[in-house]
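Each chain gets a letter, A, B and so on, in the order the sequences are listed, and its residues count up from 1.
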There are 2 protein chains.
Amino acid sequence: MAQRRITLKDIAASLGVSANTVSRALAGRSDISVATQERVRKEASRLGYVPNSLARSLVSGNSGTIGVVITNPSNPLYSQLIAGAAEAAREAGKTLILIVSAEDAKTENDGIESLLVSSVDAVIAVPVQIDPGPWRRLTGVGVPLVLVNRDIPQLAVDFVGVDHFASMQRMVEHVVAQGAESIWAVEEDLDVPSVASRLEGFYQGLADVGMSRPVGKEIRIPTRRVRSLAQPWQAEEAYAVGLELFKLEEPPDAMVCGNDFFALGLVKALQEYGYRVPEDVLITGVGDHPYSHFMSPAITSIRLPGYELGAEGMRLALSRLRDTQQPKRRKMVETEHIIRGSSVSST
Amino acid sequence: MAQRRITLKDIAASLGVSANTVSRALAGRSDISVATQERVRKEASRLGYVPNSLARSLVSGNSGTIGVVITNPSNPLYSQLIAGAAEAAREAGKTLILIVSAEDAKTENDGIESLLVSSVDAVIAVPVQIDPGPWRRLTGVGVPLVLVNRDIPQLAVDFVGVDHFASMQRMVEHVVAQGAESIWAVEEDLDVPSVASRLEGFYQGLADVGMSRPVGKEIRIPTRRVRSLAQPWQAEEAYAVGLELFKLEEPPDAMVCGNDFFALGLVKALQEYGYRVPEDVLITGVGDHPYSHFMSPAITSIRLPGYELGAEGMRLALSRLRDTQQPKRRKMVETEHIIRGSSVSST
DNA sequence: ATGAAAGCGCTAACAA
DNA sequence: TTGTTAGCGCTTTCAT
């Protein structure tokens with residue numbers, strides 16, 4: 001069963017050469033005769049040799065692994081990010097170590113620690129905490145860090161993200177153009193830059209059209225950290241919050257949500273109170289989740305290119321691995337407003 | 001910037017003891033004086049010591065890493081699997097190395113190879129290929145393998161999955177009870193055990209109620225491997241296939257789909273031809289994706305506990321790590337039929 | 001073109 | 001209780 005793995009030494013012994021010769025033959029170095037290279041290669045594959053990257057890394061000083069820290073794979077944005085990062089890592093021959101923080105600072109810290117212990121060559125992360133301290137554990141020992149989607153300006157590291165501010169601002173303009181006069185923003189209650197930017201964009205959008213806070217209102221939906229890992233909680237929670245809310249007051253004529261799950265839940269809650277979407281209330285989301293196109297009404301949303309975020313984040317990390325000194329880069333990937341039935345006034 | 005990392009030797013030198021003493025002090029071994037332990041610990045944290053797991057693994061023979069091989073993170077089942085596996089790994093203090101095979105055998109093989117090179121202690125995998133060969137690369141050198149959702153009986157390794165056969169059989173019984181007389185199965189065209197089991201269950205369900213193949217028909221929707229990583233393709237593809245299909249022939253009175261995305265796309269295609277769901281056609285899915293409850297009509301589905309699959313798979317792997325000799329286990333997790341509007345006859 | 005020796009950071013075995 | 005030695009598997013000098 002658990003037979004000892006073949007090492008360079010085994011090949012060397014079997015061939016009557018030194019381990020060193022085997023090493024260089026397999027590395028394809030030019031200072032070794034072609035004949036020997038061939039003999040070694042053949043014997044290696046005959047014995048089923050697999051290089052031990054642990055030993056190799058110990059010598060070379062880099063492990064060939066990249067840490068990826070995300071908050072929640074059940075969020076389509078982040079599952080696509082994983083896909084993009086994995087594909088880019090594969091292309092580069094790097095191994096991907098995954099940390100799931102579950103939107104929890106403690107778990108994130110433990111994850112950072114374990115990445116340090118694992119000697120990852122670089123890290124790309126969607127941070128939970130704004131506190132730069134824990135992340136400096138990485139940058140402090142020279143591990144390149146690339147932040148994705150949520151920036152921490154104090155860290156001054158590479159960043160790839162989307163312009164949540166402008167996206168939401170434009171979404172407000174859209175619903176205003178559709179005749180909305182009373183608009184609510186619906187967001188998670190996370191204290192993270194992406195949510196903050198969208199809320200700023202929300203108020204800026206209102207101001208742009210001469211509206212002010214009285215016609216705009218924030219609904220913050222509490223994040224359920226625990227359940228979120230097993231199942232996205234947002235739609236159900238938005239539905240429940242909506243039911244309670246609409247019992248007390250009339251809904252506005254537009255609700256711009258921070259993600260499509262919220263839109264989903266609110267549409268259902270609204271319908272239970274006899275409101276129609278979009279006739280009575282316009283609804284928009286963010287993320288363009290794969291089902292949004294197929295709802296009735298289809299959900300207006302902002303497409304966030306999660307795959308690109310992951311792939312580009314990985315590329316930035318690999319690039320910095322090659323050149324540590326290059327200036328910090330800040331890359332924004334394009335979003336796309338996809339206007340669908342849920343936000344198009346029928347009047 | 002990239003300052004050299006602190007090693008045991010640094011602490012030893014700074015304290016005037018041997019590296020070995022430091023090692024054992026930090027390991028909390030009993031053969032070291034409490035006073036020394038305290039001194040060492042304090043100095044270690046003062047210097048910001050982080051153990052090097054590469055070196056540790058090289059000595060100990062196990063890396064503390066578990067490989068997780070999935071086909072596609074954009075599939076909610078597998079994104080939840082990742083979450084479950086990650087959480088279980090975290091609890092056990094293990095590091096998770098992620099491989100995304102993209103439903104591609106070549107990519108999967110490369111992934112297996114890189115897991116070998118990485119010296120993972122164990123692997124849990126949703127296999128693409130039925131060919132046991134590549135997987136024996138792992139089992140052959142004593143790396144415990146746990147298969148999830150898709151079994152490869154020839155390998156005779158630990159398995160955790162769901163009973164796709166019985167689930168689909170029961171789903172057929174359900175639509176028949178709702179009055180369906182002509183039923184189509186809609187599946188991916190993947191040659192994997194899960195799909196095969198559902199199709200067997202489909203025909204068994206028909207046979208159970210005295211129906212035979214003429215009233216049952218298979219629609220196989222081609223898997224789009226490339227696009228699938230960036231975005232789930234199933235709903236769009238099912239929609240497109242549906243449009244073409246219904247142009248040629250009338251739909252049956254029930255369609256049982258292999259996943260909720262297909263159900264989504266087909267409902268839309270049906271509606272474009274003026275058919276109503278569930279009045280004219282009953283539709284069911286598999287997976288109970290997070291939006292299915294919120295569609296109108298809500299989609300009947302089979303809940304697959306992805307998080308549990310991942311967590312249990314990881315637990316099986318860890319358990320085998322502790323005891324290599326224990327008998328192979330085959331664990332089935334419960335599914336749940338969630339009957340919603342899309343499959344409830346209104347007559 | 002090849003071999004011998006040293007060492008990456010750590011732990012286990014054996015001394016003292 | 002602590003230090004010394006050896007070695008995990010590999011690569012990089014430096015000889016030969």
Ionic contact status for A/Glu108 with A/Arg137, cut-off 4.0 Å: no
Going by atom types alone, do A/Tyr78 and A/Asn149 pair a side-chain donor with an acceptor below 3.5 Å? yes
Is it the case that C/dT2 (base atoms only) and A/Arg24 (side chain only) share a donor and an acceptor within less than 3.5 Å, ignoring hydrogens and angles? yes
Within this structure, what is the CD1-to-P distance between A/Ile11 and D/dT11, rounded to whole angstrom? 11 Å
Spacing between B/Leu54 atom CG and C/dT11 atom P, to the nearest angstrom: 13 Å
What integer distance in Å separates A/Asp10:CG from D/dC10:P? 9 Å
Could you tell me whether the side chain of A/Arg150 and the main chain of A/Pro127 form a donor-acceptor pair under 3.5 Å? yes
Starting at the 5' end of DNA chain C, which residue's closest nucleotide do you reach first, B/Val50 or A/Ile32? A/Ile32
Here the distance between atom C1' of C/dG7 and atom CZ of A/Arg56, to the nearest Å, is 17 Å
Is the distance from OP1 or OP2 of D/dT12 to the nearest side-chain N or O of A/Arg29 less than 4.0 Å? yes
Walking DNA chain D from its 5' end, the first of A/Asn52 and B/Ala19 to be reached, judged by nearest nucleotide, is B/Ala19
Can you find a side chain N or O atom of B/Thr21 that sits less than 4.0 Å from OP1 or OP2 on D/dG3? yes
For side-chain contact (heavy atoms from CB on, under 4.5 Å), just list the numbers for A/Leu15 and A/Thr36, CA-CA rounded to whole Å, side-chain angles, deciding distance to a tenth of an Å, and then say yes or no. CA-CA 10 Å; A/Leu15 244 40; A/Thr36 310; over 6 Å; no
If I take atom CG in residue A/Leu58 and atom C1' in nucleotide C/dC10, what distance separates them, rounded to the nearest angstrom? 8 Å
Taking 4.0 Å as the cut-off, does a side-chain nitrogen or oxygen of B/Ser23 come that near to OP1 or OP2 on C/dT11? yes
In A/Val68, A/Leu115, A/Thr65, A/Ile97, the residue satisfying side chain to side chain contact (heavy atoms under 4.5 Å, CB included) with A/Val123 is A/Leu115
At 4.0 Å (heavy atoms only), tell me whether B/Thr36 reaches a base, stays on the sugar-phosphate, or touches nothing. sugar-phosphate
So, OP1 or OP2 of D/dT2: does either fall under 4.0 Å of a side-chain N or O from B/Ser33? yes
Residue B/Ser18, side-chain atoms from C-beta onward, closest of D/dC10, C/dG9, D/dG3: D/dG3
Nearest-angstrom distance from the residue atom CG of B/Leu15 to C1' of D/dT2: 13 Å
Integer-rounded Å distance: C/dA13 C1' and B/Asn20 CG: 10 Å
What is the distance, to the nearest angstrom, from the CG atom on B/Leu26 to the P atom on D/dT2? 13 Å
Under 3.5 Å, is there any donor-acceptor pair linking the side chain of A/Asp31 to the base of C/dT2? no
Using a cut-off of strictly less than 4.0 Å, decide whether A/Thr7 has a side-chain nitrogen or oxygen near OP1 or OP2 of D/dC8. no
